[in-house]
Amino acid sequence: MKQEITSLSLPGSQAGSRVARRTKLSYRLRRSRIAWLLVAPALLLLVATAGWPLLRTLFYSFTDAMLDAPDDYHFVGFANYFDLNQGGHHYGVLADPLWWLAVGNTLRFSLLSVSFELVFGMLLALLMNQKFRGQGLVRTAILVPWAIPTIVSARMWSWMFHDQYGVVNDLLLKMGVISTPLAWVAEPKLSMWAVVIVDVWKTTPFMALMLLAGLQLIPRDLYEAARIDGANAWQRFRRITLPLIMPAMIVALIFRVMDALRVFDLIYILTSNSESTLSVSGYARDLLVSYQEMGSGSAASVLVFMMVAGIAACFLMIGRRNSGEAK
């Protein structure tokens, strides 16, 4: 009798599960359509302001156009990217050793600056997440460097790094760290570190602000339960804080890595785009403006876009994988 009841009830339960799945799918479809409608104006604006210039840059990268005569051009195919003539000589952006030097400088700058910003930003976020007297004043003071325009920050630090009158050398000399003044922005071995220091000083508050937003979403009950279970501060940070702020951390890293890979103004003002600190954006600018080569400069710009988009896609894949594992 029980088997008969069970067999009779199975079709009804299966039908109910199908209805539930269809309802859930329909709800997700409606949410997706509403989301696309909400972001459609922003996407259209983005296509108008960024898509069209990107397509024109891609178009000119296959031509020999010059900046002073952009309408007078001939199609050269992939010659601006890489070409091999009959004599066996390589031409194009990818065959230029200076391009690969700029790629190495950009990757080194991005790795150093973003790594330091992540560590210092995490420390500042943990500090600002605590309740203490003057908390609002501390948060405001920490955000001041980020609010200063990059050009102003670079010019200010260029005077601070001055080998004769700079305050940095003066402090290091008084502390006994150095015996003679250092040419921070002129010495090839120090110029990259000078750029990294300025970038870390300016953009660490952004990283701290993003991480602080993630910290404030963590329920306090989790920390209380961990303390009751005997977990120390490091265990609470590793088991609770770090996994729960991982989405905010990945978003912050994506923004910062993309900005670091496209760095130009900070390096140009501090070191005048010297070879020791030449970035890929600076390389593209030199081809476009200094040498008036619109075709080669466009090819370099397309390569910069591909590099930034590829690294951003890698971060997004990592974020999706982490979110999938969390579920």
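- Around CG of L46, the count of heavy atoms belonging to other residues, nucleotides or ligands within 6.0 Å exceeds 12.
- Using modelled atom types, one side-chain atom of R236 and one backbone atom of A231 make a donor-acceptor pair closer than 3.5 Å.
- Counting only heavy atoms from C-beta outward, the side chains of F264 and V280 never approach each other to under 4.5 Å.
- The number of heavy atoms from other shown groups lying within 6.0 Å of CD (E275) does not exceed 12.
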F305 vs L54, side chain to side chain contact (heavy atoms under 4.5 Å, CB included): CA-CA, chis, key distance, verdict = CA-CA 9 Å; F305 170 78; L54 179 61; 3.7 Å; yes
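- I148 is listed as a side-chain neighbour of W201, based on a closest heavy-atom distance under 4.5 Å.
- More than 12 heavy atoms of other residues, nucleotides or ligands sit less than 6.0 Å from atom CZ of F237.
- Cluster annotation: V177 is connected to V167 through the hydrophobic network of ILVMFWY side chains, with a link wherever side-chain heavy atoms come within less than 4.5 Å.
- Taken from OG1 in T271 to CD in E187, the straight-line distance is 13.0 Å, to the nearest 0.5 Å.
- S272 and S274 share no donor-acceptor pair across their side chains, judged by distance under 3.5 Å alone.
- Taking the six-membered ring where tryptophan is involved, the planes of H162 and W159 are essentially parallel, since the angle between them stays under 30° and well short of 60°.
- For the residue pair Y223 and T241, a side-chain donor N or O sits within less than 3.5 Å of a side-chain acceptor on the partner.
- Here T180 contributes atom OG1 and L173 contributes atom CG; the two are 7.5 Å apart, rounded to the nearest 0.5 Å.
- Here the side chain of R239 pairs no donor or acceptor atom with the backbone of Q235 at under 3.5 angstrom.
- The CG atom of L58 lies 9.5 Å from the CE atom of M306; values are rounded to the nearest 0.5 Å.
- Counting only heavy atoms from C-beta outward, the side chains of F82 and Y91 never approach each other to under 4.5 Å.
- Of all the heavy atoms in F206 and A252, the pair that sits closest is CE2-O, 4.3 Å.
- A heavy-atom distance below 4.5 Å is found between the side chains of L288 and M294.
- S298 and T57 form no side-chain donor-acceptor contact under 3.5 Å, judged by distance and modelled atom types alone.
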request  = Under the side chain to side chain contact (heavy atoms under 4.5 Å, CB included) rule, what do L261 and L107 come out as? Steps first, then yes or no, please.
outcome  = CA-CA 7 Å; L261 291 174; L107 294 178; 4.0 Å; yes
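- Of all non-hydrogen atoms in L222 and I240, the two that sit nearest each other are O-CD1, 3.6 Å.
- S281 and V304 get closest at one heavy-atom pair: OG-CG1, 4.3 Å.
- Expressed to the nearest 0.5 Å, how far CE of M307 lies from CD1 of I311 amounts to 6.0 Å.
- Heavy atoms only, all atoms of each residue included: M192 and S276 are closest at CE-O, 3.7 Å.
- One N or O on the side chain of N105 and one on the backbone of L278 form a donor-acceptor pair closer than 3.5 Å.
- By the 4.5 Å heavy-atom criterion applied to side chains, D72 and M66 are not counted as neighbours.
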request  = Take S279 and T106 through the side-chain hydrogen bond (donor to acceptor under 3.5 Å, both in side chains) test and state the conclusion after the steps.
outcome  = CA-CA 5 Å; S279 65; T106 304; 4.8 Å; no
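- Under the 4.5 Å side-chain contact rule for hydrophobic residues, I254 and M210 do not share a cluster.
- Taking both residues in full, the closest heavy atoms of A194 and V185 are given as CB-CG1, 4.4 Å, listed atom of the first, atom of the second, then distance.
- A heavy-atom distance below 4.5 Å is found between the side chains of L253 and M207.
- S158 places a side-chain N or O within donor-acceptor distance of the main-chain N or O of R155, the cut-off being under 3.5 Å.
- V200 and L190 fall within the same hydrophobic cluster, defined by Ile, Leu, Val, Met, Phe, Trp and Tyr side-chain heavy atoms under 4.5 Å apart, directly or through other members.
- The backbone N or O of S153 sits nowhere less than 3.5 Å from a side-chain atom of K202 that would complete a donor-acceptor pair.
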Under 3.5 Å, which donor-acceptor pairs link side chains of residues 114-132 to any protein atom two or more places apart or in another chain?
residue: S115; atom: OG; partner: L111; partner atom: O; Å: 2.6
residue: E117; atom: OE1; partner: T203; partner atom: OG1; Å: 3.4
residue: E117; atom: OE1; partner: R256; partner atom: NE; Å: 2.7
residue: E117; atom: OE1; partner: R256; partner atom: NH2; Å: 3.3
residue: E117; atom: OE2; partner: T203; partner atom: OG1; Å: 2.5
residue: E117; atom: OE2; partner: R256; partner atom: NH2; Å: 3.3

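- Cluster annotation: W146 is not connected to W157 through the hydrophobic network of ILVMFWY side chains, with a link wherever side-chain heavy atoms come within less than 4.5 Å.
- The side-chain heavy atoms of Y73 and F59, taken from C-beta on, include a pair separated by under 4.5 Å.
- Minimum interatomic distance between A154 and L266 (heavy atoms only, all atoms of both residues): CB-CD1, 3.8 Å.
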task = Verify side-chain hydrogen bond (donor to acceptor under 3.5 Å, both in side chains) between Y283 and D96, making sure each step is shown before the conclusion.
result = CA-CA 11 Å; Y283 177 88; D96 189 358; 2.7 Å; yes
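- Between V198 and F161, some side-chain heavy-atom pair lies under the 4.5 Å cut-off.
- Ring planes of Y81 and F62: tilted class, angle from 30 to 60°.
- W100 places a side-chain N or O within donor-acceptor distance of the main-chain N or O of L94, the cut-off being under 3.5 Å.
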message = Please determine whether side chain to side chain contact (heavy atoms under 4.5 Å, CB included) holds for the pair R28 and R31, giving the CA-CA distance in whole Å, both sets of side-chain angles, and the decisive distance to 0.1 Å.
response = CA-CA 5 Å; R28 289 181 178 179; R31 288 190 60 184; 5.6 Å; no
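- In this structure, W193 has its ring center no closer than 6.0 Å to that of W184.
- At least one donor-acceptor pair closer than 3.5 Å links the side chain of N80 to the backbone N or O of S61.
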request  = For L212 and Q216, run side chain to side chain contact (heavy atoms under 4.5 Å, CB included): C-alpha distance rounded to whole Å, both residues' side-chain angles, the deciding distance at 0.1 Å, then the answer.
outcome  = CA-CA 6 Å; L212 178 62; Q216 292 183 338; 4.0 Å; yes
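- Listed for the D199 side chain is no donor-acceptor partner under 3.5 Å among the backbone atoms of S113.
- Residue N169 holds its CG atom at 5.0 Å from CG of L182, rounded to the nearest 0.5 Å.
- Of the inter-residue distances, the one linking I245 atom CD1 with L215 atom CG reads 5.0 Å to the nearest 0.5 angstrom.
- Note: the hydrophobic cluster containing M258 also contains V302 (ILVMFWY, side chain heavy atoms under 4.5 Å, direct or indirect links).
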